[in-house]
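The next block holds one structure in the form of structure tokens; read it before the comments.
Remember, it's a predicted structure, so these values are computed and weren't measured experimentally. Below, all heavy atoms of this structure are taken into account, side chains as well, without hydrogens, waters or symmetry copies.
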Amino acid sequence: MKKLLSALLALTLSLSLAVLPASALELDQARELLAVHYVDGVPPEVLELDSLDAILEAIGDPYTFYMTPEQYQSFNQSVNGRVVVGIGATVETAFDDGYRVMSVLPDSPALEAGIQPGDILVAVDGVDLTADIDPRVPIVGQEGTDVTVTLLRKGQRLDFTLTRRAVHIPIVTYEQLDSAGYIECISFGSTTAQSIQEAIREMDDHTAVWIMDLRANPGGDSYATSLSASLFTSGQVMLYFRDGAGEYYYQPGYPGLTDKPVIVLTSEHSASGSELFAGDIRAYDAGIALGQRTFGKGTAQIVLEASNCPYMVDGEAMKITAYRFFAPDGATNHITGVLPTLLISPENTEQAAMLLTSPKPKQASGGIKLELAGHTFYIKREEAVKEENRAAFLELLEALPPSAKLYKGTGSQTWVEIDPGALATEMDLDDLIFVPRTFGDTADSPYAREINTLTTYGILTGYADGNFHPQDRVTRAQFCTMVASALDLPAPSGKASQFSDVTADSWYAGPIHAMADMGFISGYNDGRFGPGDTISYQEMVAVLSQAAAWLSMDGYNLNHQPLLLQESIQFRDFADWAQIPARNLDALEVLLDGPAPTDAGTREIAAALLCRLMERTHLIWG
């Protein structure tokens, strides 16, 4: 049963902040709060540790932490916007060895000095930062004083000396750019939805396509995110939460203000609430996403403070991961992130999006039409061939998945479908060369569409000869590598190998350990994994069924259903351990018609299963 989410607890969809050691909250009280609220449960031996710091370190969740009164005040301000005296850069702590710069604010010392999102802050005034140092403490100071920050950029250590001054943190800015309504949002806070409402009411009559720039948005409040996305979708349900007991709750939608399509700009810095916003746009067919794969935070936290928890006094608070959240279509973005509809490099993201914002022309001649993910976009030829747009236009053509349809305008009202490569050649983009994201030996494969889709998104790679070799057999290690790449699974660090025949220095160690850590694979009874063994079709099915249970609400619910008698008959050709997985993937419309359960897996079969799984669980947009 899905229940309306209570507003009693403040749910946050944001990245972690730097945290000082816990102090004021009594240890037994903290143990009780973690035991009651933490989504994955806390083992008794962890709760018995002798300090809250030790317990939180053992849990290993960067989004669960205690906040001093000063930190809680700073946390609220970072979400809701304010004026501070500092350098004008926001950071987060979900990375090792430093604090990643998430955004650089306009009209700030950081912007003027050349600090960039993605830089890693490692020292302030010559003092190296560690996990127990809040970087805001040494950076924020008296106006007119200097501070030297040390950053790592592509391995190079850089020092910047900046003069502190008052910097306004606008969480939403907007402007009309020709026929595009351009909104930049760096946080979902208490004023975000109101600012977006103002933008839509002011610009919608002059807007053909909205651009929502979330490239530097680490998240924020769940209600603010839902309300903001509702303005573009009119969706009835904006997100689902699942707690540790498997209970679902939902957050309702609200009436929208526009029916114009939205292009969501994403980057590796887009996280949590911004990923949910993109998922809402995807679920309600309100637009597309363009940019890079997002960060991958799909958990929500409750903030316990004096108004909802009697244990909290004098302004202190505790943030605890209490839910996993899902988009309205049931997809998670946790770990896997959001894969944009068009995968475009950071340097071409904004220009490529702007090219898609032209209104429908009165005459087809001189125009380009793109049908993508249920929407139609128009490009002006004269804009595409401008010097500042040529590289972005070419990359846009290269990024089109097989499901897209491209047309060139001829005459007054005639549109003729054309191949992206042919259009690039016809438009004579000088020294730029169209490089298709496909292989030359897949045209005759019955799964050519699936293979080409995955290669378009950079998930599959070929051999040194430039081909895919679709009928080559796939080993267990190779299949793990394909799935781990598709789901963007990080290799766990600091853990001993679970399998006796998977050494730390092997090329497949990372993907296999990542898959095992997620519970997607297991080894043989003798402790081996058999990385070089050919994987069978039913083994692929079993692995992907476990992945589906992680990736989507539908997959999770199917995996908790017993096998009925008629289902055991339907899937009797599968081994006993593979019948429920086969039932699950059949219900998700992932199973293939051709292979027998014991057939050896091939590269094309693996690609077809993986692509269909990603489509049915909405990881692939549209």
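Put simply, the side chain of Thr357 never gets that close to the backbone of Ser179: no donor and acceptor are under 3.5 Å apart. A distance-only check finds a donor-acceptor pair linking the side chain of Glu395 to the backbone of Ser345 [under 3.5 Å]. Without hydrogens or angle criteria, Asp221 side chain to Gly273 main chain gives no donor-acceptor distance under 3.5 Å. Between the side chain of Thr225 and the main chain of Gly220, no donor-acceptor pair closer than 3.5 Å is present. Glu305 places no side-chain N or O within 3.5 Å of a backbone atom of Met312 that could act as its donor or acceptor partner. Proximity of a side-chain donor or acceptor of Gln363 to a complementary backbone N or O of Thr410 within less than 3.5 Å is not detected. The backbone N or O of Thr336 lies less than 3.5 Å from a partner atom in the side chain of Arg293, making a donor-acceptor pair. Looking only at distances, no side-chain donor or acceptor of Arg437 sits under 3.5 Å from a matching main-chain atom of Tyr457.
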Verdict with supporting geometry, Asp61 and Thr321, side chain to side chain donor-acceptor pair (under 3.5 Å): CA-CA 8 Å; Asp61 179 358; Thr321 297; 2.6 Å; yes

What do the steps show when you test Leu487 against Leu619 for side-chain contact (heavy atoms from CB on, under 4.5 Å), and what is the final call? CA-CA 9 Å; Leu487 305 186; Leu619 291 186; 3.7 Å; yes

Could you walk me through whether Tyr323 and Ile302 pass side-chain contact (heavy atoms from CB on, under 4.5 Å), step by step? CA-CA 8 Å; Tyr323 301 94; Ile302 56 173; 4.1 Å; yes

Please evaluate residues Phe277 and Cys185 with respect to the criterion side-chain contact (heavy atoms from CB on, under 4.5 Å), reporting the C-alpha separation (whole Å), side-chain torsions for both, the decisive distance (0.1 Å), and the verdict. CA-CA 11 Å; Phe277 183 97; Cys185 176; over 6 Å; no

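Taken to the nearest 0.5 Å, the CG atom of Leu111 stands 11.5 Å off from the CD1 atom of Ile87. One finds the OG1 atom of Thr299 at 6.0 Å from the OH atom of Tyr63 (value rounded to the nearest 0.5 Å). Once rounded to the nearest 0.5 Å, the distance linking CG of Leu396 with CG of Asn348 reads 9.5 Å. For the atom pair CD of Gln292 and CG of Leu339, the computed distance is 11.0 Å after rounding to the nearest 0.5 Å. Taken to the nearest 0.5 Å, the OG1 atom of Thr349 stands 11.5 Å off from the CD1 atom of Ile263. Of the inter-residue distances, the one linking Lys260 atom NZ with His375 atom NE2 reads 14.0 Å to the nearest 0.5 angstrom.
With contacts defined as side-chain heavy-atom distances shorter than 4.5 Å, the pair Leu397/Leu406 qualifies. Side-chain contact between Ser195 and Ile171 is absent, with no heavy-atom pair separated by less than 4.5 Å. Using a 4.5 Å cut-off on side-chain heavy atoms (C-beta onward), Tyr248 and Tyr556 make contact. Counting heavy atoms from C-beta on, the side chains of Leu356 and Val209 never come closer than 4.5 Å. Residues Val416 and Ile418 have side chains not in contact (no heavy-atom distance under 4.5 Å, counting atoms from C-beta outward). Taking the side chain as every heavy atom from C-beta outward, Phe188 and Ser228 approach each other to under 4.5 Å. Between Ile281 and Met212, the closest side-chain pair of non-hydrogen atoms is not below 4.5 Å. No side-chain heavy atom of Phe295 sits less than 4.5 Å from a side-chain heavy atom of His269.
The only option from Ser270, Pro62, Ser272 that meets the side-chain contact (heavy atoms from CB on, under 4.5 Å) definition with Lys297 turns out to be Ser272.
Between His334 and Trp550, the ring-plane angle classifies as tilted under the 30° and 60° cut-offs.
Between Val264 and Ala278, the shortest heavy-atom contact is CG1-CB, 4.2 Å. Shortest non-hydrogen contact noted between Tyr240 and Ala327 is CD1-O, 3.9 Å. The minimum heavy-atom distance between Ile211 and Ala353, with the atom names listed, is CD1-CB, 4.0 Å. Across every non-hydrogen atom of Ala300 and Phe325, the tightest pair is N-CD2, 4.0 Å. What you find for Leu370 and Ala404 is that their closest heavy atoms are CD1-CB, 4.1 Å. Closest non-hydrogen pair, Ser108 versus Val167, comes out as CB-CG1, 4.1 Å.
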Identify every side-chain donor-acceptor pair in residues 282-290 under 3.5 Å, counting partners at least two apart or on other chains, and give the distances.
{"residue": "Arg282", "atom": "NE", "partner": "Asp329", "partner atom": "OD2", "Å": "2.8"}
{"residue": "Arg282", "atom": "NH1", "partner": "His618", "partner atom": "O", "Å": "3.4"}
{"residue": "Arg282", "atom": "NH2", "partner": "Asp329", "partner atom": "OD1", "Å": "3.2"}
{"residue": "Arg282", "atom": "NH2", "partner": "Asp329", "partner atom": "OD2", "Å": "3.3"}
{"residue": "Tyr284", "atom": "OH", "partner": "Gln236", "partner atom": "N", "Å": "3.4"}
{"residue": "Tyr284", "atom": "OH", "partner": "Val237", "partner atom": "N", "Å": "3.1"}
{"residue": "Tyr284", "atom": "OH", "partner": "Val237", "partner atom": "O", "Å": "2.5"}

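Evaluation of the side-chain hydrogen bond (donor to acceptor under 3.5 Å, both in side chains) test over residues 207-217, restricted to residues two or more places apart or in two chains, returns Gln176-Thr207, Tyr182-Asp213, Tyr182-Arg215, Asp204-Trp210, Trp210-Thr258, Asp213-Arg215, Arg215-Glu350. The list of salt bridge (charged side-chain N to carboxylate O under 4.0 Å, His left out) pairs with a residue in residues 101-120, not counting sequence neighbours, reads Asp107-Arg165, Glu112-Arg165, Asp119-Arg153. Judged as a ring pair (Phe, Tyr, Trp, His ring centres under 6.0 Å), the pairs with a partner in residues 399-423 (not counting sequence neighbours) are, in order, Tyr378-Trp415.
By the salt bridge (charged side-chain N to carboxylate O under 4.0 Å, His left out) test, Glu382 pairs with no residue at all, sequence neighbours left out. Partners of Tyr254 under the ring-ring contact (aromatic ring centres under 6.0 Å, His included) rule, at least two apart in sequence or in another chain, are Tyr223. Residues satisfying the side chain to side chain contact (heavy atoms under 4.5 Å, CB included) test with Asp419, not counting sequence neighbours, are Ala422. By the side chain to side chain contact (heavy atoms under 4.5 Å, CB included) test, Arg381 is found to be paired with Ile368, Lys408, Leu423, Glu426, Met427, residues two or more places apart in sequence or in another chain being considered. A search for salt bridge (charged side-chain N to carboxylate O under 4.0 Å, His left out) contacts involving Lys380 returns nothing, not counting sequence neighbours. Legend: residues meeting salt bridge (charged side-chain N to carboxylate O under 4.0 Å, His left out) with Arg616, ordered by chain and number and at least two apart, are Glu589. Gln351 pairs by the side chain to side chain contact (heavy atoms under 4.5 Å, CB included) definition with Asn389, Ala392, not counting sequence neighbours. Here Pro402 pairs with Arg449, Asn452, Thr453, Thr456 under the side chain to side chain contact (heavy atoms under 4.5 Å, CB included) rule; sequence neighbours left out.
The pair Glu383-Lys386 meets the salt-bridge criterion, with a side-chain N (NZ, NE, NH1 or NH2) lying under 4.0 Å from an Asp/Glu carboxylate O.
The local environment of CD in Glu143 is crowded, with over 12 non-hydrogen atoms from other residues, nucleotides or ligands closer than 6.0 Å.
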